[in-house]
Protein chains: 2
Amino acid sequence: MELTDRKKQILKVVVEDYIQTAEPVGSKAIAAEMGGRISSATIRNELADLVELGYLEQPHTSAGRIPSPKGYRLYVNELMEQQRLTLAETERIDQALQMKMEELDRVISQAGRVVASFVNYPTYMATSGKKHLTARRFDLLPVDEHSCIVVMMMGDDRVKSQLLRLQLKVDTGQIPALVDMLNNHFTNISGGEMSRRLMDVADQVSPQLFLLLSQTVSYAVDVLEEAGQREVFMAGANQLLKLPEFRNADKAHELMSFLSDSKENLPVPDDGPMKILIGPENVNAALRDTSVVVASYDIGDDMRGLIGVVGPTRMDYAAVAARLTGFADGLTRLFGKHEKLPPKEDPQT
Amino acid sequence: MELTDRKKQILKVVVEDYIQTAEPVGSKAIAAEMGGRISSATIRNELADLVELGYLEQPHTSAGRIPSPKGYRLYVNELMEQQRLTLAETERIDQALQMKMEELDRVISQAGRVVASFVNYPTYMATSGKKHLTARRFDLLPVDEHSCIVVMMMGDDRVKSQLLRLQLKVDTGQIPALVDMLNNHFTNISGGEMSRRLMDVADQVSPQLFLLLSQTVSYAVDVLEEAGQREVFMAGANQLLKLPEFRNADKAHELMSFLSDSKENLPVPDDGPMKILIGPENVNAALRDTSVVVASYDIGDDMRGLIGVVGPTRMDYAAVAARLTGFADGLTRLFGKHEKLPPKEDPQT
DNA sequence: CTTTAGCACTCCGGGAAAGCGAGTGCTAAC
DNA sequence: GTTAGCACTCGCTTTCCCGGAGTGCTAAAG
């Protein structure tokens, strides 16, 4: 059965009022909010229906109403007005994203902190995709007879490098051959495969070179493994303590511990750019009475990034959704730019 | 005036009892703790003296005593027994530090998380030293006509690299000359100086090369700036909520916000390997009724790392100090090893 | 001079009781 | 279908009371 327009209108008022005040909303307040055109008694009749239908709840007999998860769901799906960011806010977001940073991780964690400060809820960030990262190109740059720089370009165009200390002197003249071998036999394969091939070529080169080769390969394996790992960043968890629903230290502690520990079981938007999970819609027990708004954005190169905001079920969905979309778009743009152009053009300080 | 041995003994019992229970300790409990050899009445007389002298405080007339900051100070300086870690714990620490990680930042933040889980207090980690980082060597590796890898070795032997997308095609043959110029004119100078020199050489090279040069230099400037920045990591802030003194959400929020925001004003051990700051000894207002135990360790290459633990004034100084020292030593060893040897030797998976 | 037992007193913390007030559901009239 | 009126419910805050832990003081004993 469809709700009448007026019922929806009332539901909307209840949700929005409750989002702001965190207190049960009474019939009188609703009547006032709606312009005083209908009396509180009428509202009460409607409220009773809405409770009956499961969209609202009553903490106790003589209290106002609060939205149920079902009520929030209807609100989010139909009633919520898409909030537009003010120009000033859009600018602040763009400005916040004007980071000149090299490392993907840094950019992401920094962005997470900014988002958290914008929405005033705990925010997590992660990346997804990128199952099989491989090396695409190797170089070795001799430094002196005891050390050598290894440079590796990965499948996603990122370049990693490190100084290797050599246990044995290596004849510089042989380096190019070694680089050839690396590029011919150790590119575009998985880390495990690399280790295996290393064994195969063991007897084809001199011991000194083999040592250098194996150092290089194990560096590559480590880097690929580390780069493939998905890392999760958390920011703004302390925001929770400002909320009335988390003034109870135990509740706050429980959720915060979950948030700072869990690397895996945070919600991801399985499809579409944004997903809203309300209370019990969360599979994860620790999130059962919180809501999560999570958006994804394009990092380029088959990878997607993830921004999620965790809050009480009465969180300001419209505001959070708008800001999250703003950031997601901004980040997509940021990474798109990186993709096409060099990171910076301006040579002056 | 020196305290009698018995007074010190009593003070010690009060501190250690209070550290455990967070409740004012009464004369009777002290008498029992001390073996029942002296009566509670005697203890009461002594307690009155200790209050008089400022080592203890009385929350209200008819309550037990709690240590004052001065009392904790005496305890830490003279009374506290140096706690030895059990073999099992030492092993757990060593095991936790068996990380094969490339990035210094990662190692540090990971270590911070481990420390936090060991001591059950919020823990911060940072690095100090390293004021003027410079580039020591450049390389450019052509990839194709639109891109090129820049490799830079810094003063501390770290190597950074990135793929540059070129706006203009560059003649590969001219790259070596460019690398020479970089190595001759842009090494061992500050980032600001680099930008200035870039202007000087503007008319000595072709526009294409200059563009590449300026991209390289601005990459270098960014990296040096980012690398020189001291970054602070926080872990385990949620541990606070378990403590009775932070069950009040406002207090907890205040401290947690301070901890997660402040990058600069966290205590550092100005000399020696470890420093303990008790309550009001903290210059920073936000830390006035907390204590901080901070240790430093050697990263090598003029840099020092920092582990700090923040807790209530009644924190378990002996336990924290022992574990912190254990970790600091472990980290010094870890970095010492990295310094001398290649990061890994074992080529098998 | 120090230690100890005894005792009246203080004050915190918890629990019960009371009053307040916001809000409801119901009835009857419009 | 809507509204005014009204009795009623129930959580929250305040007040009050009481138990108990712990003190300070006094006076006696070592």
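Each chain gets a letter, A, B and so on, in the order its sequence line appears, and its residues count up from 1. Heavy atoms only: backbone and side chains are in, while hydrogens, waters and symmetry mates are out.
In this structure, the NE2 atom of His60(A) is 13 Å from the P atom of dT9(D), given to the nearest Å. Rounding to whole angstrom units, CZ of residue Arg6(B) and C1' of dC1(C) are separated by 12 Å. Straight-line distance from the CZ atom of Arg44(B) to the P atom of dC25(D): 11 Å, rounded to whole Å. Per the geometry, CD belonging to Glu46(A) stands 15 Å off C1' belonging to dG25(C), to the nearest Å. Rounded to whole Å, atom C1' of dC8(D) lies 14 Å from atom CD of Gln58(A). Computed from coordinates, the Met34(B) CE to dT4(C) P distance equals 11 Å when rounded to whole Å. Note: CG (Asn45(B)) to P (dA27(D)) measures 15 Å, nearest angstrom. Protein atom NZ of Lys28(B) is 16 Å distant from nucleotide atom P of dG24(D), rounded to whole Å.
Other residues, nucleotides and ligands place more than 12 heavy atoms under 6.0 Å from the NZ atom of Lys8(A).
With hydrogens and angles left out, the side-chain atoms of Lys242(B) and Gln239(B) include a donor and acceptor closer than 3.5 Å. Under the 3.5 Å distance criterion, with hydrogens and angles disregarded, a donor-acceptor pair is assigned to the side chains of Ser109(B) and Arg113(B).
For Asp17(B) (side chain) and Val14(B) (main-chain N/O), no donor-acceptor pair under 3.5 Å exists by modelled atom type.
Taking side-chain N and O atoms only, Arg65(A) has a distance below 4.0 Å to OP1 or OP2 of dG25(C).
Looking at Lys12(B) and Glu81(B), a side-chain N of the basic residue comes within less than 4.0 Å of a carboxylate O on the acidic one, giving a salt bridge.
Between Ser62(B) and Ile38(B), it is Ile38(B) whose nearest contact on DNA chain C lies nearer the 5' terminus.
At the heavy-atom level, Ser27(B) lies under 4.0 Å from the strands shown only through sugar-phosphate atoms. Ala41(A) comes within contact range of at least one nucleobase, with a heavy-atom separation under 4.0 Å.
With hydrogens and angles left out, the side chain of Ser39(B) and the base of dT4(C) share no donor-acceptor pair within 3.5 Å.
Considering only the side chain of Thr61(B), dT10(C) comes nearest among dT10(C), dT4(C), dC7(C).
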